[in-house]
Amino acid sequence: MGAGTEPLAFDSATLISSMTNIPTERPLTRTKKLLFTVMMLSLPGVVLVTTVVGYYTYRKLEDNVVVTEPFGKLDDELGWVLKPRVDARVYHQNRWTGAYYYDTRVRTNGDGFRARSTDEQTAVETAAAIGDSWTFGTAVNNEETYPSQLAERLGVPVVNLGIPAYGLAQVILLLERQVERLKPKAVLHVNKGLWARSVCRGEAPPQQILKPCFWRGPTGAYQLVTPSPGHVQEMAARGIYPGGWLTAGYNTWTYYLISRPVVRFMQLLARFGLISGQIAEDDLNPPQRAAMLGYALERLLRLAERHDFVFILYDPDGDYAEAASSLSVRYGKWFAYMGPAVAKAEVLPLVAKIPRERQTVPRDGHFTGEYMAAWAAVFAPRVAAALARR
C-alpha cells in the first residue's frame, strides 16, 4: 500500500447490521387486495359502458333527430296514439357539420290526427287513410304526405289516421275505435310490411306486451290480443316505452340505454319459449302466416261491411294476395285490391321519372313527397269510385 493509506477494516458486525436494515416490501392488506380485485373485475364493464356511451354520444351528434314537442301519447289498449293539438318542429341534423337532412312541421288537430293546423276540424263521411309512418308522412311536411296529396286530387278531405311505428293490430283497433264517428265512405291502407310488427308467439296468451298483437291459440286460430290493463303506463314509469323514440319523446338516451335493451331481452325470452310475446321487431314468418293475414284482412272487411265503406288495400309485395283472392268473393262490394300488378304497371313507371336521390329522405329512408305523389295519382281513381258509390 502507498504511504499515508490506512488499511480497510472489515467489520462483520457492521455489515450484518446494515443488511438487516434494508427496507422490505410490506404485504398488501386485505382491504387493498379487495379494492384491486374489484377494480380488475369492473374494468371490462367500465370499458363496455364507455364504449356504448361514446358510440351513442357520437350518434347523437352525427345523426341527431330533434322534436321540439313530443307528439306521442301512451294508450293502454293501443300502446300509443298521437297527442291532440301539437305543433312541433321535427328535424334531423348532423351536429358535426351543421347540415340538415330534413326539417319539417308536425301538427295534430283536436282529435289527434295529423292535419294542416291544430284547429282543423276532422272531416266525416269522406275518405280516411290508415297505416304507419308511410301514411303519417314521417320526415315530410303535411302537404307532402300521400293523404294530403290525394285530397288535393279528389277535392275532398282525406283524414290521416297514420301513426309512426304502428303495426297492423294497432291500425285495426284504431279504425274500430274511430269508425262510428268518422263514418268513412272509403278507407285506404298502404301495406309496407307493417303486419310483421304485430306478431306474438307462445303457448299462452301474451300478458307482458306493450302493444296489441296477433296470437295463434291452441286451436290454430288467430286472435287479436291487447296489453293487460295498466301495464303500458306501469312500464313507461320505469323508462320502458311501447313506441320507442316516439313515446319516449325522441329521448335517445332513454330509448337506447333502457327501453330498447329491455325490449330485446323480452324478445329473447319469447324466442326461447320462456314467455309468450314478440320474438323480434319484425316477425316475417309466423306460423300459418297466410291464416294470420286472412284473419286480419277479414276483420277489416267485416268492419267495411258493417259500416258500408269500401276498403282499398295497396299491397305492392303481394303479402295479402292469397287472402285477397279468397275474401274478394264474399266482400267484393266493399273491397278493392291493388297488388303487385298495379305497383308494377302504374306506380313504378311514375316513380322511375323521379331521380333516385329524390325518392327517399336523406339518412331516413321514408319516401319523399315526390314519390308519394305517384301513390296519390294511382290511388285517386279508386278512391273517387268508392266515394261515388254512395
Self-check item: Whether Tyr320 side chain and Tyr314 backbone form a donor-acceptor pair below 3.5 Å
Solution: no
Practice problem: Mark yes or no for whether Gln278, through its side chain, and Arg197, through its backbone, hold a donor-acceptor pair below 3.5 Å. | Solution: yes
Quiz item: Is Lys192 salt-bridged to Asp317, cutoff N-O under 4.0 Å?
Solution: no
Practice problem: Using a cut-off of 6.0 Å, state whether more than 12 heavy atoms not belonging to Glu357 lie near its atom CD. | Solution: yes
Quiz prompt | Any Leu150 side-chain heavy atom under 4.5 Å of Leu188 side chain | solution = yes
Self-check item: Distance-only polar pair, side chains of Glu143 and Ser148, donor-acceptor under 3.5 Å
Solution: no
Exercise. Go through Val351 and Phe367 one step at a time and tell me if the side chain to side chain contact (heavy atoms under 4.5 Å, CB included) criterion holds.
Key: CA-CA 11 Å; Val351 171; Phe367 292 142; over 6 Å; no
Self-check item: Heavy-atom closest pair, residues Gly98 and Gln93
Solution: O-NE2, 3.6 Å
Quiz item: Hey, is the main chain of Gly137 close enough, under 3.5 Å, to the side chain of Arg114 for a donor-acceptor pair?
Solution: yes
Exercise. Over 60° means perpendicular and under 30° means parallel, so classify the ring planes of Phe71 and Phe136, tilted if in between.
Key: parallel
Self-check item: Single-linkage hydrophobic cluster, 4.5 Å side-chain cutoff, Val232 and Leu82 together
Solution: no
Exercise. Taking Asn160 for its side chain and Thr135 for its backbone only, find out whether a donor-acceptor pair lies under 3.5 Å.
Key: yes
Quiz item: Linking I/L/V/M/F/W/Y whenever any side-chain heavy atoms sit under 4.5 Å apart, do Val159 and Val179 land together?
Solution: yes
Quiz item: Is the number of heavy atoms from other residues, nucleotides or ligands within 6.0 Å of CZ (Arg116) greater than 12?
Solution: no
Quiz item: What distance separates Asn191 CG from Leu297 CG, expressed to the nearest 0.5 Å?
Solution: 10.0 Å
Quiz prompt | Distance (rounded to the nearest 0.5 Å) between Ser276 OG and Gln207 CD | solution = 8.5 Å
Quiz prompt | Within residues 339-358 or reaching into it, pairs that qualify as ring pair (Phe, Tyr, Trp, His ring centres under 6.0 Å) - sequence neighbours excluded | solution = none
Exercise. To the nearest 0.5 Å, tell me how far Arg216 CZ sits from Arg201 CZ.
Key: 10.0 Å
Quiz prompt | Thr108 side chain vs Val86 backbone, donor-acceptor pair below 3.5 Å | solution = yes
Quiz prompt | Nearest-0.5 Å distance that lies between atom CD1 in Ile163 and atom CG in Leu174 | solution = 5.0 Å
Exercise. Search all heavy atoms of Pro286 against all heavy atoms of Trp195 and return the closest pair with its distance.
Key: CD-CZ3, 4.1 Å
Self-check item: Close side-chain approach of Gln208 and Met235, heavy atoms under 4.5 Å
Solution: no
Quiz item: Is it the case that Asp364 and Tyr101 place a side-chain donor and acceptor less than 3.5 Å from each other?
Solution: no
Quiz item: Going hydrophobic residue to hydrophobic residue with side-chain gaps under 4.5 angstrom, can you get from Met372 over to Val190?
Solution: yes
Quiz item: Parallel, tilted or perpendicular: which fits the ring planes of His92 and Tyr102, with parallel below 30° and perpendicular above 60°?
Solution: perpendicular
Practice problem: For Val361 and Val140, run side chain to side chain contact (heavy atoms under 4.5 Å, CB included): C-alpha distance rounded to whole Å, both residues' side-chain angles, the deciding distance at 0.1 Å, then the answer. | Solution: CA-CA 8 Å; Val361 178; Val140 299; 4.2 Å; yes
Practice problem: Go through the steps for Tyr100 and Tyr91 under the test ring-ring contact (aromatic ring centres under 6.0 Å, His included), then give the verdict. | Solution: CA-CA 7 Å; Tyr100 286 88; Tyr91 61 91; 5.6 Å; yes
Self-check item: Spacing of CG belonging to Leu182 relative to CD belonging to Glu125, to within rounding of 0.5 Å
Solution: 10.5 Å
Quiz item: Asp308 and side-chain hydrogen bond (donor to acceptor under 3.5 Å, both in side chains): which partner among Lys333, Lys183, Lys185, Arg389?
Solution: Arg389
Quiz item: Does Leu74 offer a backbone N or O that forms a donor-acceptor pair with the side chain of Thr247 under 3.5 Å?
Solution: no
Practice problem: Measure the shortest side-chain to side-chain distance between Thr122 and Gln178 over non-hydrogen atoms and say whether it is less than 4.5 angstrom. | Solution: no
Quiz item: Does the side chain of Glu370 reach to within under 4.5 Å of the side chain of Glu144, using non-hydrogen atoms?
Solution: no
Practice problem: Show the numbers, then the answer: is there a side chain to side chain contact (heavy atoms under 4.5 Å, CB included) between Trp334 and Val310? | Solution: CA-CA 4 Å; Trp334 299 279; Val310 178; 5.6 Å; no
Quiz item: Ion pair present between Arg107 and Glu120, side-chain N to carboxylate O less than 4.0 angstrom?
Solution: no
Quiz item: If we only count heavy atoms from C-beta on, is the Phe113 to Pro147 side-chain gap below 4.5 Å?
Solution: no
Quiz item: Taking the side chain as C-beta and beyond, is there a heavy-atom pair between Gln267 and Val263 under 4.5 Å?
Solution: yes
Self-check item: Hydrophobic cluster membership, Phe214 vs Leu327, 4.5 Å side-chain cutoff
Solution: yes
Self-check item: Contact summary for Asn285 and Arg289, nearest pair of heavy atoms
Solution: OD1-NH1, 4.3 Å
Quiz item: Side-chain donor-acceptor pair under 3.5 Å between Tyr295 and Gln223, yes or no?
Solution: no
Self-check item: Where Ala373 and Gln149 come nearest, the two heavy atoms and their spacing
Solution: CB-OE1, 3.2 Å
Quiz item: Roughly how far, to the nearest 0.5 Å, is the CZ atom of Arg299 from the CG atom of Leu173?
Solution: 5.5 Å
Quiz item: Hey, is the main chain of Asn142 close enough, under 3.5 Å, to the side chain of Thr145 for a donor-acceptor pair?
Solution: yes
Quiz item: Just by distance, do the side chain of Asp132 and the backbone of Leu194 share a donor-acceptor pair under 3.5 Å?
Solution: no
Quiz item: Between Trp215 and Pro205, what is the shortest heavy-atom contact and its length?
Solution: CZ2-N, 3.5 Å
Exercise. State plainly whether one hydrophobic cluster holds both Leu269 and Phe272, where clusters connect Ile, Leu, Val, Met, Phe, Trp and Tyr through side-chain heavy atoms under 4.5 angstrom apart.
Key: yes
Exercise. Please name all residues satisfying ring pair (Phe, Tyr, Trp, His ring centres under 6.0 Å) with Tyr146, sequence neighbours left out, ordered by chain then number.
Key: Trp375, Phe379
Quiz prompt | No-hydrogen, no-angle side-chain donor-acceptor test under 3.5 Å, Arg356 and Gln359 | solution = no
Quiz item: Any side-chain heavy atom of Tyr166 sitting closer than 4.5 Å to one from Val81?
Solution: yes
Practice problem: Please report the shortest heavy-atom distance between Ile279 and Arg271, naming the atom on each side. | Solution: O-NH2, 3.2 Å
Quiz item: Asn141 side chain to Arg105 main-chain N or O, any donor-acceptor pair under 3.5 Å?
Solution: yes
Quiz item: With a 4.5 Å limit on heavy-atom distance, are the side chains of Arg177 and Asp75 in contact?
Solution: yes
Quiz item: Does the side chain to side chain contact (heavy atoms under 4.5 Å, CB included) test come out yes or no for Met338 and Val347, once each step is laid out?
Solution: CA-CA 11 Å; Met338 295 181 287; Val347 176; over 6 Å; no
Self-check item: Any donor-acceptor N/O pair, Asn109 side chain to Gly112 backbone, under 3.5 Å
Solution: yes
